[in-house]
Amino acid sequence: EPEVTQTPSHQVTQMGQEVILRCVPISNHLYFYWYRQILGQKVEFLVSFYNNEISEKSEIFDDQFSVERPDGSNFTLKIRSTKLEDSAMYFCASRVDRAEQYFGPGTRLTVT
Amino acid sequence: GDSVTQMEGPVTLSEEAFLTINCTYTATGYPSLFWYVQYPGEGLQLLLKATKADDKGSNKGFEATYRKETTSFHLEKGSVQVSDSAVYFCALIEYTNAGKSTFGDGTTLTVKP
């Protein structure tokens, strides 16, 4: 069964450093998403991406964040200058039209 | 905007007990509804879904019925097992514009032998 994959599974970085989280969505999917979950809290929407552009973003997704689909298969989330409060689990998801989202296993980001 | 409200947890049950986790939603349109399960240290697994009123989603003994009149999607299981211990999230998607998922806060279920 096709699945969404994410790398790395765990990323440790120092405050102020840039990180790139990578996702490979399911190949025929058209809609792509990033969510985050701070430890023990709810899953929060960050950004959605369709037709090579951002379709919606939340208040969390400020100028420090960016997304890209560089090659038609990968979908990346970049955090330019990480802060301690960016420590969380980041989930990528994808879907086809009017269907459920398929979530990846997540990347745990730890900012020290 | 859209929102999902889940019953507050945590919930602790004995094995073979009946489980209900309440979920109500607010949406401007006609959403699809989902339950996800998250085991410790793992990602989100889709447990079941319903796409229109009166649909019943079911999987692994869990059930939930889409009730449009009460805007609810309560999760039930007749006899829980220790292995059901996890965090359960109710979620909705409105397929307008971005079609993002909106999640409830999650309910932690612990089943004791």
Side-chain angles (χ1 to χ4, degrees), chain A residues 1-10 21 23 25-26 29-61 67 88-108 110, chain B residues 1-10 21 23 25 27-52 55 57 59 64 66 73 86-110:
Chain A
E1 184 175 333
E3 57 184 19
V4 177
T5 59
Q6 291 186 242
T7 54
S9 57
H10 190 193
L21 310 183
C23 168
I26 295 171
H29 285 191
L30 302 174
Y31 300 83
F32 312 107
Y33 304 84
W34 283 101
Y35 296 84
R36 82 171 185 192
Q37 184 184 32
I38 295 171
L39 187 64
Q41 298 186 23
K42 70 189 293 183
V43 179
E44 300 173 290
F45 166 74
L46 291 179
V47 65
S48 60
F49 194 85
Y50 170 70
N51 202 25
N52 283 320
E53 62 183 20
I54 291 174
S55 47
E56 187 174 345
K57 58 185 180 180
S58 72
E59 292 178 352
I60 303 167
F61 194 88
V67 290
M89 182 76 91
Y90 288 81
F91 293 106
C92 172
S94 67
R95 67 171 176 90
V96 292
D97 195 25
R98 302 196 71 81
E100 67 268 27
Q101 294 183 354
Y102 289 77
F103 284 83
T107 293
R108 179 165 298 285
T110 302
Chain B
D2 299 342
S3 66
V4 176
T5 302
Q6 286 182 235
M7 68 183 285
E8 293 188 13
I21 301 178
C23 170
Y25 68 89
T28 52
Y30 201 151
S32 291
L33 303 175
F34 306 87
W35 277 100
Y36 288 88
V37 58
Q38 185 177 38
Y39 297 100
E42 297 188 10
L44 297 164
Q45 297 179 27
L46 179 65
L47 183 59
L48 53 84
K49 66 178 181 180
T51 59
K52 60 184 187 298
D55 265 3
N59 186 26
Y66 191 143
F73 192 55
V87 182
Y88 292 81
F89 291 94
C90 185
L92 67 81
I93 297 179
E94 284 208 79
Y95 294 107
T96 53
N97 199 15
K100 66 181 188 290
S101 290
T102 299
F103 287 86
D105 287 345
T107 300
T108 301
L109 171 66
T110 302

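Note on naming: letters A, B, ... go to the chains in the order of the sequence lines (proteins, then strands), and numbering restarts at 1 for each one.
- From A/R98, atom CZ reaches atom OH of B/Y95 across 7.0 Å, with rounding to the nearest 0.5 Å.
- Within a 6.0 Å radius of CZ in A/F61, more than 12 heavy atoms belonging to other residues, nucleotides or ligands are found.
- Nearest approach of B/K100 to A/Y33, heavy atoms of both residues: CA-CE2, 3.7 Å.
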Using distance only, find each side-chain donor-acceptor pair of residues 46-53 of chain A under 3.5 Å and give its atom names and separation, not counting sequence neighbours.
unit_1: A/S48; atom_1: OG; unit_2: A/S55; atom_2: OG; d: 2.7
unit_1: A/S48; atom_1: OG; unit_2: A/E56; atom_2: N; d: 3.1
unit_1: A/S48; atom_1: OG; unit_2: A/E56; atom_2: O; d: 3.3

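- Atom OG1 of B/T51 and atom CD of A/E100 lie 10.0 Å apart (nearest 0.5 Å).
- Contact of B/S101 with chain A is made through backbone and side chain together, with heavy-atom distances under 4.5 Å.
- The contact between B/K49 and chain A is made entirely by side chain atoms (from C-beta outward), counting heavy-atom distances below 4.5 Å.
- Expressed to the nearest 0.5 Å, how far CZ of A/F103 lies from CG of B/L46 amounts to 9.0 Å.
- Counting heavy-atom neighbours within 6.0 Å of A/K57 NZ, excluding the residue itself, gives a total of 12 or less.
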What side-chain donor-acceptor pairs closer than 3.5 Å can you find for residues 34-44 of chain B, not counting sequence neighbours?
unit_1: B/W35; atom_1: NE1; unit_2: B/F73; atom_2: O; d: 2.8
unit_1: B/Y36; atom_1: OH; unit_2: A/Q101; atom_2: O; d: 3.4
unit_1: B/Q38; atom_1: OE1; unit_2: A/Q37; atom_2: NE2; d: 3.1
unit_1: B/Q38; atom_1: NE2; unit_2: A/Q37; atom_2: OE1; d: 2.9
unit_1: B/Q38; atom_1: NE2; unit_2: B/E42; atom_2: O; d: 3.1

